[in-house]
Each structure stands twice: as C-alpha cells, then as structure tokens.
Amino acid sequence: MELARSLRDSGTLPRHVAVIMDGNGRWAKLRHLPRIAGHERGAEAVRELVKGCRELGIGYLTIFAFSSENWKRPSAEIGDLMTLLRVFLEREIAALDEAEVCVHVIGDRSRLGHDIVDLVESAEKRTGSNEALTLTVALDYGSRSEIVAAARRLAEDVHTGRLSPDDITEQAFGRCLDTAGLPDPDLMIRTSGEQRLSNFLLWQAAYTELVFVPTLWPDFKREHLFQAIDEYQQRERRYGGTGG
Ligand code: FPP
C-alpha cells in the first residue's frame with residue numbers, strides 16, 4: 001500500500017500509538033441496531049488496527065477497551081462488553097501470538113470476573129516474549145486513580161524510610177504507574193469526533209500529539225490509522241522548546 005510505504009520511508013513513525021475507540025453506540029444507533037452490534041464491529045476494527053500497526057512496524061499500541069467510568073453503563077451492556085472481551089481473549093490470542101504481538105493489560109483487575117482475569121493472565125503469559133508489537137489493553141482503567149495509586153505507593157515508601165522525598169522524580173513517579181516500562185505515547189487518536197482525553201493516560205500524554213477523527217470506531221480501517229500518522233508526521237514536536 002502506497003501511503004503505508006511512504007509513512008515508513010519518512011522515518012518519523014510514532015513509536016507508541018494510543019487509541020480511544022469511540023462511537024460504537026452511535027454507529028449502532030444509526031443502523032437501528034442494538035449497541036452490542038456496534039461493540040462487535042468495534043472488536044473487528046481492533047483487529048484491523050493491530051494489522052495496520054504491524055504493517056508499519058509500530059512498536060507499541062495502547063487501546064482503551066473499558067474505562068473505570070464504563071461501570072456506570074446499564075448492566076446488560078457491561079455484560080455484553082465483558083463477553084466480547086472474553087471472546088477476544090480466547091479467539092484472537094493465537095493470531096496475535098502468531099503475529100509476534102505481546103499482549104499486556106493495564107487497569108484495576110479486582111472488579112473483573114475471575115474468568116476474565118484468568119484469560120488475561122494466560123494471554124500475557126503466552127505472548128510475553130513476543131517483541132514485534134506490544135499491545136496494551138486498558139481494562140477498568142482510569143488515569144486519575146492510577147496517579148493516586150502511584151502517589152500512595154511513593155508516600156508509603158517515604159513513610160517507611162525506603163525512599164527520601166528528594167527521590168520522588170518524574171522518572172520514579174512514572175515507574176509506579178501501570179504503564180511502567182512503556183514509552184509515552186507519541187500519537188493519540190480518538191474517533192467519533194469527540195475531542196477529550198476522558199481520563200486516559202493523562203500523565204503519559206503530556207507531550208502526545210492528539211489526532212481527532214470523525215469516523216465512528218466500527219468504521220475505522222487501517223487507512224484511517226495511516227491518515228492519522230500522516231497528520232502526525234506534519235506536526236512539529238517542540239516539547240516546550242522553540243524547535244529551532
Ligand atoms: C466506545 O463506544 C467504546 C467502548 C466503551 C468500548 C470499546 C470496546 C470495543 C471497541 C470492543 C471490544 C474491545 C476489545 C479489545 C475486544 P461508545 O459505546 O461510547 O459509543 P457512543 O459514544 O457512540 O455511545
């Protein structure tokens with residue numbers, strides 16, 4: 001594919017892409033279908049996204065699959081989303097493993113069903129040594145509670161004398177976050193035209209380039225990924241400096 005080749009040749013691919021997959025409900029509503037139909041098509045779009053990242057050679061992809069605020073949804077929809085996740089973890093894992101994808105889950109596992117936690121753990125174990133792409137799935141994830149948990153951990157270490165307050169640096173803080181070991185995202189894509197972060201990777205996105213696309217998530221194809229990366233490549237990243 002022409003655009004994919006030119007993106008690769010340009011040499012400025014994002015190392016880490018994060019995606020807020022939004023618009024499943026609206027996609028279904030437009031078609032007079034139940035919301036779960038939108039989520040099902042959304043899961044297919046995840047497959048397409050992973051393929052696009054592999055095609056380009058992106059090293060890290062992080063997707064927002066279920067936020068800590070999503071528990072506020074009707075229980076039937078939560079059940080449907082959990083079923084989809086189960087199916088995804090059961091059925092896609094062989095293909096992901098084959099494609100050298102390392103699957104990793106961040107977020108609070110304590111409220112997830114035991115069977116889902118077991119599936120997550122076995123997916124992480126099975127794919128743990130894969131190196132082509134790290135796919136991080138944010139599940140029951142919320143950035144503010146992640147930051148508070150990191151602050152609590154550091155406070156406890158200071159309290160017990162393991163750490164001095166002077167040791168609390170940005171690097172030390174980052175090591176206490178769920179994303180420890182991952183580079184910060186270079187590019188964050190949100191679909192469906194909404195333009196906000198919704199409690200996703202707030203600390204990590206300090207200098208991330210944000211690209212908002214009008215496409216509803218179930219319609220997202222790898223071409224949309226390529227277009228977002230094309231836009232990313234036009235941006236000048238200055239990190240607070242002058243860029244000169
Ligand atoms: C937002 O659409 C999407 C979600 C809350 C969940 C994302 C889940 C998937 C894409 C499917 C399952 C994921 C995996 C990894 C198998 P919305 O329901 O908020 O849409 P709306 O804003 O149009 O109502």
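The model shown is predicted, which means the values in this text are computed figures rather than measured ones. Counting convention: from 1, in listed order, for ligands and their atoms alike.
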| remark: Only one of D80, T83, L84 passes side-chain contact (heavy atoms from CB on, under 4.5 Å) with E40, and that residue is L84
| task | Check whether any N or O atom of W27, backbone or side chain, sits under 3.5 Å from an N or O atom of ligand 1, and answer yes or no. | result |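 N/O-N/O distance under 3.5 Å: no.
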| query | Does ligand 1 have an atom that lies less than 4.0 angstrom from a heavy atom of N70? | reply | yes
| task | Run the contact test for E40 against ligand 1 with a 4.0 Å cut-off on heavy atoms, strictly below, and give the result. | result |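 No, E40 has no heavy atoms under 4.0 Å from ligand 1.
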| query | How does K29 reach ligand 1, by side chain, by backbone, by both or by neither, if only non-hydrogen atoms under 4.0 Å count? | reply | neither
| query | Side chain, backbone, both or neither: which part of F66 has a heavy atom under 4.0 Å from ligand 1? | reply | neither
Need the ligand 1 atom indices (1-based, order shown) with element for anything under 4.0 Å from a heavy-atom of [X].
| X | result |
| --- | --- |
| R35 | 17 (P), 18 (O), 24 (O) |
| G25 | 17 (P), 18 (O), 20 (O), 21 (P), 23 (O), 24 (O) |
| A65 | 6 (C), 7 (C), 8 (C) |
| F88 | 16 (C) |
| H39 | 11 (C), 18 (O) |
| W217 | 10 (C) |
| R73 | 5 (C), 17 (P), 18 (O), 19 (O) |

Considering only the protein, which heavy-atom contact is closest to [atom], and what is its distance?
| atom | result |
| --- | --- |
| atom 15 (C) of ligand 1 | I63 CD1, 3.9 Å |
| atom 1 (C) of ligand 1 | M21 O, 3.1 Å |
| atom 14 (C) of ligand 1 | L85 CD2, 4.2 Å |

| said: Strictly below 4.0 Å, N to O, side chains only: are E231 and R235 in salt-bridge contact? | reply: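 Between R235 and E231 there is a salt bridge, with a charged N closer than 4.0 Å to a carboxylate O.
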| field | Carboxylate-amine/guanidinium contact R5 E2, below 4.0 Å | value | yes
| said: Any donor-acceptor pair under 3.5 Å linking the side-chain atoms of D184 with those of W203? | reply: no
| message | Just by distance, no angles: are the side chains of H104 and T134 close enough, under 3.5 Å, to form a donor-acceptor pair? | response | no
Are the side chains of [Y] and [X] in contact, using a 4.5 Å heavy-atom criterion?
| X | Y | result |
| --- | --- | --- |
| T215 | H224 | yes |
| V120 | R109 | yes |
| M82 | F66 | yes |
| P185 | L201 | yes |

| query | Any donor and acceptor pair, going by atom type alone, linking the side chain of R54 with main-chain N or O of A99 inside 3.5 Å? | reply | yes
| task | Could you check which of D22, N24, V137 puts a non-hydrogen atom nearest to atom 10 (C) of ligand 1? | result |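 The option holding the nearest heavy atom is N24.
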